[in-house]
Structure formats: C-alpha cells, structure tokens
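FYI, the numbering just counts along the sequence from 1. Since the structure is predicted, the reported quantities are computational estimates derived from the model, not experimental observations.
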Amino acid sequence: MKKYLLAFSIACLTLLGGCAGSKVSSLSPNDSGPKPIIKTIAMNPGGALMSDAVATELSNKGFVVIDSAATSNLMIRLNLTEIEIARPEGLQKFKAKGIDALLTVKAAASQFDGLPDSATARMVDTSTGKVLAAVNWQNGWAGAAGSPASRMMRSGLQEASSEMANALALRIQQ
C-alpha cells in the first residue's frame, strides 16, 4: 500500500511540476516625460480573431476602437497600404483623423485543440511612431499536447484577449 501511495504522490508532484498557466510579459517605454493621452485606437487590418477580441476588451475598458474594416476603409481613402500605415507619414495621416494609436495583434493557434498558443500585441503612438506598449502572451500547458491535463490548463480566446488588453491598458494609462 505504501508503494502505491508513494508512486501516486510522485506522479502528482510530477504532474504539478510539469504544468504552467498562461503567461503575459509586456514592455512599456521608460520615458520619464508625460505619457500621451490615448482615447482612440485603430486596429491594424489582418489580425483575425485575436485582434478582434483584444479590441473588444479595450473597448469594454472605455477606449474608442476603430475596427479593422473601418481602418481598411480609411486606408483606402488615405491611399495607404498596410506597410505604409506603420511609417511616419501614414501614422501622421491617422493622427490627423483623430486616431491616437495603432494596434497590431498576431496570434498562433494550436494544431491540437484550436486554442491560441501564443500572441503578441503592439500599440504605436500615431504622433511619434514610438511603441506605447507591447505584450507577449503564451498559453498554459500540462503534460502532453492535447491531453486532458493540458486542456484543463489552457486558456481560450476570451481569457487570452482579456489578459492582453489588461496589460496593454495598464501600460498606456500609467
């Protein structure tokens, strides 16, 4: 009986030691000057579901978010390509239209469960072209990919986007 209890205890410790929840790391500039006031954020087109989810979470926090379709329409009116909007001239055109920041979100999904594996988000000031905040997010894991233990530790789209939006909002509101 003691052998089984010991084996069970070791298995539990191994399982717990081999697990990790989702992680968020973020970057904010170390400028000592005044922070710009960010009210209106445009979504960079092409970010797919994660971009939409992060934008929704930012909107729920009180930011005015220009969705990717409206950003695409604005780009057409301003005669800009996706590459050009990240350049100083493109950012200045967005600023002239009342947009304070440009949000770019990219994500990679798992081949096992379709949940996000990792994502990055970067918010750029349209006045200066400087990165206001950047966030890297990585999903949790446990055991083998696709296993029941792994499914219990992994976050879905809503949890991931909420964690990312919280980190972004924290960085631009400090």
*Who are the side-chain contact (heavy atoms from CB on, under 4.5 Å) partners of S72, not counting sequence neighbours?*
P45
*Are any non-hydrogen side-chain atoms of L74 and I66 less than 4.5 angstrom apart?*
no
*What residues, two or more places apart in sequence or in another chain, satisfy side-chain hydrogen bond (donor to acceptor under 3.5 Å, both in side chains) together with Q158?*
E57
_Checking side-chain contact (heavy atoms from CB on, under 4.5 Å) between M75 and each of E82, E84, K93, which is the one that passes?_
E82
*Keeping to residues at least two apart or across chains, list the side chain to side chain donor-acceptor pair (under 3.5 Å) pairs with something in residues 39-53.*
N44-T104
*asked:* Quick one, E159 and W137 - any side-chain contact, counting heavy atoms below 4.5 Å?
replied: no
*Just jot down the side-chain hydrogen bond (donor to acceptor under 3.5 Å, both in side chains) partners of D67, sequence neighbours excluded, or say none.*
none
*Just by distance, do the side chain of Q138 and the backbone of D117 share a donor-acceptor pair under 3.5 Å?*
no
_Go through it in stages, so that I can follow the logic: the residues are M50 and M164, the test is side-chain contact (heavy atoms from CB on, under 4.5 Å), and I'd like the CA-CA distance, side-chain angles, deciding distance and then a yes or no._
CA-CA 10 Å; M50 182 63 82; M164 292 179 71; 4.2 Å; yes
*Flag the pair V135 / R171 as yes when at least one side-chain heavy-atom distance between them is below 4.5 Å, and no otherwise.*
no
_Partners meeting side-chain contact (heavy atoms from CB on, under 4.5 Å) with A55 (sequence neighbours left out)_ = M43, V65
*Pairwise distance CG(D125) to CD1(I99) - rounded to 0.5 angstrom*: 12.5 Å
*Can you measure from CD1 (I85) to CZ (F94) and round to the nearest 0.5 angstrom?*
4.5 Å
*salt bridge (Lys or Arg N to Asp or Glu O under 4.0 Å) against K95, all qualifying residues, sequence neighbours excluded*: D100
*So do K61 and L168 actually touch side chain to side chain, heavy atoms under 4.5 Å?*
no
*What residues form a side-chain contact (heavy atoms from CB on, under 4.5 Å) with T120, not counting sequence neighbours?*
K106, N136
*State which residues pass side-chain contact (heavy atoms from CB on, under 4.5 Å) with L49; sequence neighbours excluded, sorted by chain then number.*
L157
_Atom pair CG/OG1 of L91 and T128 - distance to nearest 0.5 Å_ = 8.5 Å
_Smallest separation among heavy atoms of A133 and I172, with atom names_ = CB-CG2, 4.0 Å
*Which pair of non-hydrogen atoms, one from L102 and one from T126, has the smallest distance, and what is that distance?*
N-CG2, 4.2 Å
*Pairwise distance CD1(I38) to CD(Q173) - rounded to 0.5 angstrom*: 10.0 Å
*Search all heavy atoms of T71 against all heavy atoms of A42 and return the closest pair with its distance.*
OG1-CB, 3.8 Å
